[in-house]
Structures are given as structure tokens and as C-alpha cells.
Amino acid sequence: VAETDETDNTLTAVLTWVDGDPVLRLQPASLTHTVTLVTTKSQALKLVDEPRRRREVHLPVIEAELAEALVAAGPHDLLRVMITPAERLDPGAMAAALRGAARSTRRQVILEAARSQTERFRTDLQPTLDQLAGAGDSLGARSLWLTGQISARLTPAAIEELARHPAVGHLWLDETRSETFAVTASATELEKAAAWHIAAIKADSAWAAGITGQGVLVGHVDTGIAYDHPDLAGRMWDGGAAWPHHGYDSLAEDDNPYDGDTDFHHGTHTAGLIAGDGASGTATGAAPGATLRALRAVPGYVEDMTEALQFGLDHGVDLFNMSGGWTQPSDGVRVANRYTAELLLAVEVPWICAAGNGDNYGGHYPVPTDLASPGDSPGPWYAPNGGHTAAYTVGAVTATLAVWEGSSIGPTAWNLENTQGETDYHDYPYAPGLIKPDIAAPGVNITSCAGSSGYVAYSGTSMACPLITGAFSLLWSAAP
């Protein structure tokens, strides 16, 4: 029930029963029964060509951060820009229209509609892009169907030209790379062998019942995976001859997403916490029966992350893990990630995200700006008068279940008003803001896989995040 004041949800009363047992009687003025009609696949597919859309126009069209970069840029400098259409797919409206369809049909139709809508935008913009490319003012224009956007390297003149195009709703700067959220830990060999986090989340109880995450495909968005580590080699996705290295590298744009973090092997460590099966001695993964698809996109731009997610969706992932993100993100990054999370919710694909480690150097930013993106996006559950997405945000706790001092602190805030369009993200203004993180898991002195062999202990929300992904996989395996 939506209320003007959500801070007074407590009713206290002292009652004395004179006679008999207490009885609660409800006398509603009316009853409403909602019937969801079955939608056939042929009916649903009509939405591919006639999708639900929403306006995305912003004024000014050029984002403030991009406008600042234009002032400093030379006439021939190429800036990394995201081009948002004036109109794009409305994930929530699409999900509502397909409520009566089978789950697989909803996913198919929404993803196909996203592609077709992006193609229409590209068709509208192509003559201008060709003209700009011919003049040397545009380079590498790429369609991103998941977000409905086009990424490109543009000169200041090209940016000004596109801002006047009627099909363009917003232009923003994509020039900040994502980062990971882990720090080294001092664990003894005995402590590393114990892997205390498994018993702490009771994953071993699920294993005893025969539930190991079998049948669940996890899209692992990170620095890559050392897929030759003995504990991971048997848990990697089989991509056949087309994808022999178990995934996609959106940074190098090739089929070999081997862990690019040669110092800390961050992605290998987080992958081990999802599905490390203990083949070389220590069981570190919460869901050792799950399958991992390696998606190397960190550290990278929003464009890189989006391409990794697209690959995962194209190849049937059930959920995504992302132990990385953007601290102190720009409004452009925040809005882009929230839209992505909305579409993932519409196709029912959870996005498990690390909350962040404050400023990543032992300190914290002022509330409500401490949460990293995309973990600052709303969750999928009830929130009064606010939006929802597929983002589950994970904080870190110690072995005593105390909040780890480095874990990012909520709440966060959404107060980005857009009076010109239908994407008006000011549904969680601070105070009180949006309560985050959503859940916490062990994140201190966490043992997992290191490089192509052995183990190492790290701390951070990067470690807590894959444990929740593992827990999701166990639940999904038990009740698909």
C-alpha cells in the first residue's frame, strides 16, 4: 500500500480480552481477483515488431560530464561516447505485456525486441554516422542491443551534430574503467585449507542433500578465468569449436577470456568461490556442480561490460556474477547500468553485484554515495513507489558475522529527475534513500583459486558476491 509517510509502519495496541478467545474479523468493502490470460508464443512474438517503448529524451542532450570534456578537447580528439536513442524499449512494460507467456517465450521475445528496436535506431542514425565517419569525426560505431545504445568515438563537432539529431535522446561520456573490489589477506596455510566460508553459509548442507548447483549456467563477468586451474577445469562451459576457451573476452574482442589479472588473478579467485570443486585439495566453491562461462570485461568501460552481458544472454546464462563496478560513477554510468538491470529483470536473469569497498583504499565516501554501480541499482522486490531491477547487491561480513569495515555503506540515492522523458530516476531521494546492500556474505580472509594452480586468500565484497551467486545456484538447482 503506497503511503505518503513510510516511517510510521508500526501499530501498537494493548487489549484486554474479557471473555473467549481473540478473533480477528476482516470486512473488506470489495474483493478483486486478477486473472492472467495465457499468451501464446505467436501472440507474444508480435511484440518483437511492435514493442512497448518509452521516451528517453534529456535536456540538455549532452550530459554535463561530456560537456566539460568538450571544453577541454581539441577539434580532432576522439571521445568515447554513448548515444542513447530518443525512444527505446521499455523493459517493465514488455514484461507486463508478456505476463501470460511462458518464461522461455518472455525471454526470447524481449531480447529479440531489444535487438529490433536498436536496429531501427541504427537505421535512423546511419546516414549521419556515415557522413561523420567519412569526415574523420566518428570511429568504431557499435550497436549495443542490450541497452539500445550506440557506442562510438566522436570528435566535438560530431557530438554537437548528433545532439541535434531528432532520433538522439542523450549523449554521455564512457571514459571510466570499472575496477575490482578485493584486497590481499593474511591467512595461514591451515586457514586457507579450512575455507571457512563454506560452512558459514551452510553450502555443505546442500551438498549433503545432493544439491551442488548442477544444471545452472553462471555468466562470470570479471577479469577472466584461469580455466586450466584443476579446481575449475571441469566446471567450464563447453563452447564447442566456435568458443573453445569457454567464453568471450570483450576487452581483447576474441574467444580467449583467460584471466588478465596477472598479479592477483581476481577473476580466477571469484570463479573458484562459485564453482571451485576442490580437485586439487580445497573445496572453495559454494556450488561445485554449477557451470561457469568466462566473460572478461574488467577493468573495462560500460561498452565492454555490455558486450559481455550480451554474449552471456545469447548463450543462455541463468544468472550473472559481477565482482566489480564503478565507484563514484557518473550519472551516465549509473543510468546505463540501471537500465541494463531493468532489462535483466524483465527476462528474469539475476545480476549479483558487489557493493564495493568504499573508496577502495580503506576509506568511505559520504552516504549516500558509497555504493558502487551497478550495485546501487534497486533490487527486484517490493519498494514503495520505486522502480525495480535484477541487481542483488552484496556486502561483506567477517567470520563473526560483523560487517566488514571496508564494505560499502548504504543507503544510496536515486534523485535524477528527467522531466523531458519517461525515464525519471528520482524514485529514491535521500533521505531516506534506497536501502543497500541487499544481503551480505563472508568476505574476509576468503580462500579460493590462484592462477593456474594453488590457493590464495583475499578480502572484499568481490569475495562475498560470488558466494551469494553460489547460493543462488544451489537454490536454482534445487527448484528450477
Side-chain angles (χ1 to χ4, degrees), residues 50-73 75-91 93-94 113-176 301-307 310 329-340 342-343 416-426:
E50 300 176 5
R52 304 290 190 266
R53 307 179 182 95
R54 70 188 188 200
R55 283 179 55 78
E56 296 280 353
V57 176
H58 289 248
L59 289 179
V61 175
I62 299 175
E63 176 210 28
E65 189 177 70
L66 178 56
E68 292 177 6
L70 288 178
V71 173
H76 303 296
D77 289 345
L78 291 170
L79 302 177
R80 300 179 62 93
V81 177
M82 283 286 198
I83 310 168
T84 303
E87 188 176 64
R88 64 176 165 176
L89 194 76
D90 187 330
M94 287 291 293
R115 290 185 180 89
S116 65
Q117 181 64 23
T118 305
E119 288 171 4
R120 283 188 282 270
F121 175 47
R122 182 66 182 253
T123 299
D124 288 344
L125 213 58
Q126 195 61 52
T128 302
L129 291 173
D130 289 342
Q131 178 184 349
L132 294 172
D137 289 324
S138 174
L139 179 67
R142 181 172 300 180
S143 298
L144 301 170
W145 57 261
L146 180 58
T147 61
Q149 298 171 315
I150 297 173
S151 64
R153 283 64 169 166
L154 304 172
T155 64
I159 293 168
E160 297 288 353
E161 176 72 18
L162 287 169
R164 293 189 289 269
H165 197 291
V168 174
H170 199 207
L171 297 164
W172 59 274
L173 190 65
D174 183 24
E175 287 204 334
T176 303
Y301 303 105
V302 171
E303 173 189 4
D304 301 315
M305 180 197 69
T306 304
E307 289 187 321
Q310 289 177 168
S330 69
D331 289 348
V333 169
R334 294 189 73 205
V335 169
N337 287 341
R338 177 164 171 175
Y339 180 88
T340 296
E342 287 179 2
L343 196 140
L416 304 177
E417 188 172 11
N418 175 24
T419 58
Q420 306 300 319
E422 295 173 329
T423 301
D424 197 3
Y425 291 150
H426 73 298

Report summary line: Partner of W145 under side chain to side chain contact (heavy atoms under 4.5 Å, CB included), picked from L89, T118, T306, is T118
Query raised in the report: Any side-chain donor-acceptor pair under 3.5 Å between S151 and R142?
Result: no
Query - Polar side-chain atom of D130 near backbone of P127 as donor-acceptor pair, under 3.5 Å - result: no
Query raised in the report: Under 4.0 Å between a Lys/Arg side-chain N and an Asp/Glu carboxylate O for R88 and E56?
Result: yes
Query raised in the report: Salt-bridged, E342 to R54, with N to O below 4.0 Å?
Result: yes
Query raised in the report: With side chains defined as the heavy atoms from C-beta onward, is the minimum distance between M94 and P51 less than 4.5 Å?
Result: yes
Query - Test item: H58 side-chain N/O and P60 main-chain N/O as donor-acceptor pair under 3.5 Å - result: no
Query raised in the report: Which atom names give the shortest non-hydrogen contact between T155 and G136, and what distance separates them?
Result: CG2-O, 4.0 Å
Query raised in the report: So, for H165 and D124, which heavy atoms are closest and what is the spacing to 0.1 Å?
Result: NE2-O, 3.6 Å
Query - Distance, nearest 0.5 Å, that separates CD1 of I159 from CG of L70 - result: 4.5 Å
Query raised in the report: Heavy atoms, side chains only, cut-off 4.5 Å: are L78 and L154 in contact?
Result: no
Query raised in the report: Any donor-acceptor pair under 3.5 Å linking the side chain of Q310 with the backbone of L146?
Result: yes
Query raised in the report: Are any of the side-chain heavy atoms of V302 and T147 separated by less than 4.5 Å?
Result: no
Query raised in the report: For R80 and E303, which heavy atoms make the closest approach, and how far apart are they?
Result: NH2-OE1, 2.7 Å
Query raised in the report: Quick one: does R122's side chain get under 4.5 Å of L129's, heavy atoms only?
Result: yes
Query raised in the report: Between atom CD of Q117 and atom CZ of R52, what is the distance when rounded to the nearest 0.5 Å?
Result: 12.5 Å
**Report entry** Where P166 and A86 come nearest, the two heavy atoms and their spacing
**Finding:** O-CB, 3.7 Å
Query raised in the report: For P85 and G148, which heavy atoms make the closest approach, and how far apart are they?
Result: CD-O, 3.2 Å
Query raised in the report: Is there a donor-acceptor pair closer than 3.5 Å between any side-chain N or O of D174 and the backbone N or O of M82?
Result: no
Query - Residue pair T176 / V333, side-chain heavy-atom distance below 4.5 Å - result: no
Report summary line: One should read off an interatomic distance between Q126 CD and S143 OG, to the nearest 0.5 angstrom, of 7.5 Å
Query raised in the report: How long is the span from the CG atom in L173 to the CG atom in D331, to the nearest 0.5 Å?
Result: 12.5 Å
Query raised in the report: Is L79 close to L66 at the side-chain level, that is, under 4.5 Å between some pair of heavy atoms?
Result: yes
Query - Closest non-hydrogen atom pair between V61 and H170, with its separation - result: O-CD2, 2.9 Å
Query raised in the report: Quick one: are Y425 and V335 in side-chain contact, heavy atoms under 4.5 Å?
Result: yes
Query raised in the report: When rounded to the nearest 0.5 angstrom, what distance separates CD in E63 from OG1 in T84?
Result: 9.5 Å
Query raised in the report: Side-chain contact, heavy-atom cut-off 4.5 Å: W172 with V81?
Result: no
